[in-house]
Every structure is written in C-alpha cells, then in structure tokens.
Amino acid sequence: MDPAHRALLRAHRLELSGQLLVSDTIVPLLYQDDILTEAQVEHIESQPTNRQKTLKLLDLLPSRGPRAFHAFLRSLDDFSWVRDKLLLELQTRPGPGPGPGPGPEPGLAPGPGLGSTDVCRLPDSVLQKVPSDQELSRLASRLGAEWESVLMDLGLSAEAVFRCRSDHSLSIQAAVLAGLVQWRRRDGRKATVQRLVQSLKTADVHPSVLEDVLMGPTQETLISSPPEKPL
C-alpha cells in the first residue's frame with residue numbers, strides 16, 4: 001500500500017471504527033476482490049464488536065498489496081460521505097494522490113530507483129548474519145498492521161501467530177518480538193537478515209522502515225560493542 005494511503009487510514013483509524021459497519025458489504029466486497037483471504041474474513045468476523053471488526057480490517061489492509069486502498073474505497077458505497085472525506089483529504093495532502101503514480105510500489109523492489117533506501121546497499125556480511133535480539137526488538141517496535149503477514153511469510157503458522165497475539169494481548173510489540181524469536185529459534189543459521197528482508201518486501205513494508213531497522217541497528221550494534229582494551 002502506498003505510504004500516503006497507509007498514513008491516511010492510520011490518521012482516521014478511530015474515526016472510521018466508529019462510523020463503518022464492515023460486515024454487511026465492506027468485508028464481502030474485499031473478499032470478492034481478493035484483497036482479504038477467507039481466514040482473514042473469519043478473523044475479522046470473530047471480533048466481538050463492530051468497532052473491533054473495523055479496527056481489525058484496518059490492521060490488515062496495509063499489508064494486502066497496492067490494490068487494497070482503492071478496493072477499500074470502492075467498498076464504501078453505503079458510506080459515501082466517508083469515502084468523499086478520505087478522498088478530499090488525500091487530494092489536499094502533500095505527496096501522491098489517490099491514483100497510482102509512477103515508480104516502483106512501496107517496498108523493496110530492487111534497482112537504482114530506491115536511492116538511499118535500497119537494502120541492496122547492505123553489505124553481504126550483514127545480509128547473511130542472524131539478526132540480534134536488539135535488531136529484532138527494533139523491528140518489532142516499527143512494524144504496524146503488516147506484522148502478521150511478515151511472520152506468516154517467515155513460516156509461522158496462523159495458529160502460532162494467533163498464540164503470539166493472545167499471549168501478549170496488551171503489547172503488539174511483544175507479540176511481534178515473540179514471533180520473530182520463534183522464527184530465529186526454529187530456522188537457526190538460516191534465519192538471516194536477507195530472509196527477513198524478503199518477508200518485509202512481501203508484506204509491502206516501506207523502504208524507510210527497512211533502512212532504519214536494518215542499517216541503523218547494525219551500525220548501533222557495532223558502535224555499542226565494547227572496545228578492545230589497550231595493551
């Protein structure tokens with residue numbers, strides 16, 4: 001999902017959760033358009049209140065690819081005033097408008113177009129290393145609604161992801177970190193930064209997040225290493 005679209009949904013998250021009734025038409029239309037999977041529909045509908053159903057949908061949408069935002073707008077026929085407000089704000093915000101613009105999708109598409117956020121600039125020694133506890137913790141604190149998609153792409157089952165969420169219901173960061181630690185423990189030396197990058201790309205994580213998590217922590221880890229004692 002485009003960063004501007006993601007930011008717009010985040011900014012209106014609580015407002016939308018109080019206005020929309022998602023079960024009747026919104027969720028079925030998104031399922032029909034292949035934005036939501038059957039399991040995700042069931043997860044949304046299992047929420048006890050309509051507000052929580054809407055919040056769960058808003059959690060999932062940013063990780064559902066570049067078509068998700070426009071499909072969501074199309075599903076708002078019964079809430080046209082909400083759609084009009086979102087479109088109006090999107091047009092007045094700086095940055096890309098509601099239509100698809102040129103350039104690569106937000107994520108990790110390789111090539112020179114990504115400039116300074118291109119993770120291919122990471123040295124091979126970093127890509128092949130197993131991320132540290134500090135790096136996983138930093139990543140957990142920065143992932144948003146796409147965290148479940150990241151963990152499932154890393155190979156965790158839907159049951160394992162649900163267990164992470166239920167065991168750490170008061171802290172999404174703790175739930176994400178628990179899942180990442182499970183992945184690292186299970187895959188051992190194969191749980192590399194490069195494998196993590198691939199899953200972040202699949203979940204459509206914006207390059208700025210990857211630069212902060214993969215470049216920054218690596219440098220900080222090096223800086224924080226205890227210096228050699230002088231002879």
Side-chain angles (χ1 to χ4, degrees), residues 1 3 6 37 39-40 43 59-60 62-65 104-230:
M1 180 178 288
R6 187 182 309 210
T37 66
Q40 288 169 335
H43 197 180
D59 284 344
L60 293 170
S63 65
R64 300 308 299 162
E105 294 177 9
L108 274 179
L114 288 178
S116 62
T117 59
D118 187 351
V119 297
C120 292
R121 296 173 63 243
L122 285 168
D124 189 65
S125 60
V126 173
L127 290 172
Q128 299 306 319
K129 65 173 281 189
V130 175
S132 66
D133 288 342
Q134 181 188 20
E135 289 164 335
L136 292 182
S137 180
R138 286 174 63 92
L139 176 59
S141 71
R142 284 158 175 76
L143 284 180
E146 64 277 349
W147 71 274
E148 292 183 352
S149 297
V150 171
L151 292 182
M152 293 183 72
D153 191 77
L154 288 171
L156 270 69
S157 66
E159 292 78 12
V161 173
F162 177 79
R163 204 156 46 241
C164 289
R165 178 185 284 276
S166 60
D167 289 347
H168 304 277
S169 58
L170 299 180
S171 172
I172 291 296
Q173 180 180 350
V176 181
L177 182 57
L180 291 172
V181 169
Q182 281 187 44
W183 160 69
R184 189 181 62 183
R185 184 185 304 122
R186 184 200 65 205
D187 287 8
R189 293 185 178 180
K190 293 182 180 180
T192 61
V193 169
Q194 186 171 38
R195 178 66 184 89
L196 190 55
V197 167
Q198 293 171 358
S199 291
L200 293 171
K201 175 183 176 181
T202 300
D204 198 25
V205 175
H206 192 261
S208 62
V209 175
L210 294 170
E211 180 180 9
D212 188 34
V213 170
L214 298 177
M215 295 289 283
T218 301
Q219 295 168 351
E220 289 180 11
T221 301
L222 292 174
I223 294 171
S224 62
S225 299
E228 295 183 3
K229 295 181 179 180

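Partners of Q194 by side chain to side chain contact (heavy atoms under 4.5 Å, CB included), not counting sequence neighbours, listed by chain and number: L127, Q128, T192, Q198. Listed by chain and residue number, Q40 satisfy the side-chain hydrogen bond (donor to acceptor under 3.5 Å, both in side chains) test with T37 (two or more places apart in sequence, or in another chain). With sequence neighbours left out, the salt bridge (Lys or Arg N to Asp or Glu O under 4.0 Å) criterion links D187 to no other residue.
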Working for side-chain contact (heavy atoms from CB on, under 4.5 Å), residues L156 and R186: CA-CA 10 Å; L156 270 69; R186 184 200 65 205; 4.0 Å; yes

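The closest donor-acceptor contact from the side chain of R64 to the backbone of L60 lies at 3.5 Å or more, if one exists at all. S199 places no side-chain N or O within 3.5 Å of a backbone atom of L196 that could act as its donor or acceptor partner.
Within the model, atoms OG of S141 and CG of L136 stand 11.0 Å from one another, a figure rounded to the nearest 0.5 Å. Annotation: the span from W147 atom CH2 to L177 atom CG amounts to 11.5 Å, rounded to 0.5 Å.
Partner of V176 under the side-chain contact (heavy atoms from CB on, under 4.5 Å) criterion, out of V150, L143, V181: L143 alone.
Between A191 and W183, the closest heavy-atom pair is CA-CZ2, 3.3 Å. Between P131 and V193, the shortest heavy-atom distance links the atoms CD-N, 3.9 Å.
Applying the salt bridge (Lys or Arg N to Asp or Glu O under 4.0 Å) test to pairs two or more places apart or on separate chains, none has a residue in residues 168-183. Residue pairs satisfying the salt bridge (Lys or Arg N to Asp or Glu O under 4.0 Å) criterion with at least one member in residues 190-200, sequence neighbours excluded, are listed as follows: D153-R195.
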For residues 161-173, please give each side-chain donor-acceptor pair under 3.5 Å, one per line with the distance, not counting sequence neighbours.
{"unit_1": "R165", "atom_1": "NE", "unit_2": "E148", "atom_2": "OE2", "d": "3.0"}
{"unit_1": "R165", "atom_1": "NH2", "unit_2": "E148", "atom_2": "OE2", "d": "2.6"}
{"unit_1": "S166", "atom_1": "OG", "unit_2": "F162", "atom_2": "O", "d": "3.2"}
{"unit_1": "S166", "atom_1": "OG", "unit_2": "R163", "atom_2": "O", "d": "3.1"}
{"unit_1": "S171", "atom_1": "OG", "unit_2": "A174", "atom_2": "N", "d": "3.1"}

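Two residues are said to be in side-chain contact when any heavy atoms from C-beta on lie closer than 4.5 Å; D133 and R184 meet this criterion.
A salt bridge is defined here as a Lys NZ or Arg NE, NH1 or NH2 lying under 4.0 Å from an Asp or Glu carboxylate O, and K129 with E135 meets this definition.
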